[in-house]
Amino acid sequence: MIPTEDASARKREIEEKLKQEQDTLSFIRDNLEKSNQLTKGMVSILSSFETRLVHLEERIIPVHKQTENLQRLQENVDKTLSCLDHVIKPVGTRVCDPYLACIAKIQKAVEYFQDNNPDSPELNTVKARFEKGKELLEAEFRSLLTRYSKPVPPILILDAIGVDDDLEVQEEVTLEHLPEAVLQDIICIAGWLVEYGRNQDFMNVYYQIRSSQLDRSIKGLKEHFRKSSSSSGVLYSPAVQNKRKDTPTKKPPKRPGTIRKAQNLLKQYSQHGLDGKKGGSNLSPLEGKDDMLDIEIDSYIHCISAFVKLAQSEYSLLTEIIPEHHQKKTFDSLIQEALDNLMLEGESIVSAARRAIMRHDYSAVLTIFPILRHLKQTKPEFDSTLQGTAASTKNKLPALITSMETIGAKALEEFADSIKNDPDKEYNMPKDGTVHELTSNAILFLQQLLDFQETAGAMLASQETSSSASSYSSEFSRRLLSTYICKVLGNLQLNLLSKSKVYEDPALSAIFLHNNYNYTLKSLEKSELIQLVAVTQKKPENVYRELIEREIQTYQRSWLRVTEYLTDRNMPPFQQGAKLKDKERQMIKDKFKGFNDGLEELCKIQKGWAIPDKEQRDAIRQAQKKVVSQAYRDFLSRYANISFTKNPEKYNKYRPEQVEEMIEKLFDTSA
């Protein structure tokens, strides 16, 4: 009976196992089927995507080719028109003088009939012919200006404003807006219209046509910069290069002190510490921008210079055509469109900076620094060029400068406040006590001001209301900038002290402050910031060295709990060879065990901490090694030969050399 029951039980067990295996196989089969379905779906999606890409490519390529063909046709049309102009030009020159001679004869006829027979029908006839002749002259004036007025090519503008830093002496570039023969015809017609036409409409025609070309020239330069950003950075257009094969390739214009410097420095430090160790900065307010920003800034700066140069050239041309007492008014009207567009773009830059401040992106405001500096450098020439124009015209650039100074000063002040009020977030604190991102970002922001010391100082001075600010001297601005930098550094120190309290371990807090103070000092010394700080604060480097030394001493106190076991405090005197009591043996054992455990614990914890500066790291290790090693050697000399245990190797675990090796591996996770 029992064997039968065992067999039945075994049979049921086998059946249950078979059922479980069948269920498992069924589960696997279902999953495989689902996986196959998902795979098919993914393949279908990818195939569909590939098909769409192919269709898109099939549509884009013809459009691209068509665009190239249209550009080629455009070039051919331009060349054809240019050739026709050369053919037409001599004909016009030959016709102008005879035509004016005929008009003069008609005018004499009008004068004759008016004096001798004012009621004759012939007077009306010659008057009608004279008016018709004048209308045709006005039409010819408009036609010549329209036909021969062309935007100035970007390359000629760049040559005129002198962006080639490779040339020791910049050549004076003369801009020829109209062919000489055509210009003489226009001057001739304008002179006749002023003297005999008694009509000033042609002056309105003149400023409207030339104003349009001035604006188109500047827009063409801007477009040239935009295209250069997607190519090799060469500032010649392909069409111009073909015409100027003898001209060396021009490098992109240099502009010192752009925010790219800060981006590169920050990226470099976020990847490596002061000596190549990884830093703690993972977030960067300066990242996320690309070369397009530099292109836009360069474009605007060069468009401002181009406007001044082109306006000067336009005024020179205008003086040959427009009567003297109408020149300033006509010039004022002529430059309005281009000037308004540039000022509008400048205000857009100010608005973008204002929005950046609202979202606390203070590095974005740095874009106005090179622009503002250039505007202030250009202002004397700008004022000279616009001399005699309306006050509203002359005040446009100063108003833009004031707006930029105001928003720049606001950004500087709010940045200083943001350093002071940066929140203490535990998740944002480096676990190894390395340099905080707030420190690196603050220093990098201040380093940017070095390239724009005068501009930044003037920004701060523009907001001062004291009598000393009215003088606006460079020395006053420099002192203001020094005071500002000291304020930022002071706010940074206060914030770091607050952040250090997030660490539960006072020793790690000390390492954190040490790293940040040391990084600040080294950064100040490597740049001109230390000289700027010294303008208002005597020997700032000594202040930071004292702070660094104080934190080193705080850190060293963390080892007292280890070296405390190596002292004879509360220990009775022992005689060599004397038999120890159990209590005395235990006291010696506790000394060894306390030291061993404390040493192992500290080395394990502090090995993961970071001191990026190699010189500081080595010095701190060496000092600690010297103190601990000497105390340990003295301790061993007193107790190593005393018989306090049957297992001396259990307590006397380390030789002094081994202790030194363990301390040598502090602050090094790779050891």
Are any of the side-chain nitrogens in [X] or [Y] under 4.0 Å away from the carboxylate oxygens of its partner?
X      : Y      : value
Lys614 : Asp618 : yes
Asp451 : Arg373 : no
Glu405 : Lys376 : yes
Arg638 : Asp634 : no

Can a donor-acceptor pair be found between the side chains of [X] and [Y] at a distance below 3.5 Å?
X      : Y      : value
Asp422 : Asn495 : no
Asn515 : Thr434 : no
Gln586 : Asp590 : yes

**Request:** Evaluate side chain to side chain contact (heavy atoms under 4.5 Å, CB included) for Thr567 paired with Lys591, printing each intermediate quantity in order.
**Result:** CA-CA 9 Å; Thr567 65; Lys591 287 276 186 182; 4.0 Å; yes
Does [X] use its side chain to pair, donor to acceptor, with the backbone of [Y] at less than 3.5 Å?
X      : Y      : value
Ser482 : Leu532 : yes
Ser509 : Ser500 : yes
Ser462 : Met459 : yes
Lys499 : Pro423 : yes

Determine whether [X] and [Y] make a side-chain contact, defined as any pair of heavy atoms from C-beta on separated by less than 4.5 Å.
X      : Y      : answer
Leu489 : Leu524 : yes
Leu449 : Tyr484 : yes
Gln616 : Ile548 : yes
Lys625 : Glu664 : yes
Lys650 : Thr645 : no
Arg561 : Leu602 : yes
Trp559 : Leu599 : yes
Leu529 : Ser523 : no

**Request:** Evaluate the side chain to side chain donor-acceptor pair (under 3.5 Å) criterion for residues Glu600 and Asn596: first the C-alpha distance (whole Å), next the side-chain angles of each, then the deciding distance (0.1 Å), finally the verdict.
**Result:** CA-CA 6 Å; Glu600 291 167 359; Asn596 293 336; 6.0 Å; no
**Request:** Show your working on side chain to side chain contact (heavy atoms under 4.5 Å, CB included) between Cys603 and Leu666 and close with a plain yes or no.
**Result:** CA-CA 6 Å; Cys603 288; Leu666 296 178; 4.2 Å; yes
**Item:** Minimum-distance pair of heavy atoms, taken over all atoms of Arg585 and Ser643
**Value:** CD-O, 4.3 Å
**Request:** Grab the two heavy atoms, one from Ala461 and one from Phe476, that are nearest each other, plus how far apart they are.
**Result:** CB-CE2, 4.0 Å
Would [X] and [Y] count as a close aromatic pair, with their ring centres under 6.0 Å?
X      : Y      : value
Tyr362 : Phe445 : no
Phe644 : Tyr639 : no
Tyr565 : Phe592 : no

**Request:** Apply side chain to side chain contact (heavy atoms under 4.5 Å, CB included) to Phe369 and Gln448, showing your working.
**Result:** CA-CA 9 Å; Phe369 279 69; Gln448 287 303 283; over 6 Å; no
**Request:** I would like to know whether Asp668 and Ser670 meet side chain to side chain donor-acceptor pair (under 3.5 Å); could you show each step before the answer?
**Result:** CA-CA 5 Å; Asp668 188 358; Ser670 63; 2.6 Å; yes
**Prompt:** Between CG of Leu492 and CD1 of Ile443, what distance do you get to the nearest 0.5 Å?
**Reply:** 6.5 Å
**Asked** Tyr555 pairs by side-chain hydrogen bond (donor to acceptor under 3.5 Å, both in side chains) with which of Gln606, Gln624, His514?
**Response** Gln606
**Neighbour count >12 (heavy atoms, 6.0 Å) for atom NZ, Lys420** = no
**Prompt:** Taking atom CD of Gln553 as the centre, does the number of heavy atoms from other residues, nucleotides or ligands within less than 6.0 Å exceed 12?
**Reply:** yes
**Asked** Is there a side chain to side chain donor-acceptor pair (under 3.5 Å) between Ser363 and Asp361 once you walk through the steps?
**Response** CA-CA 6 Å; Ser363 63; Asp361 182 10; 3.0 Å; yes
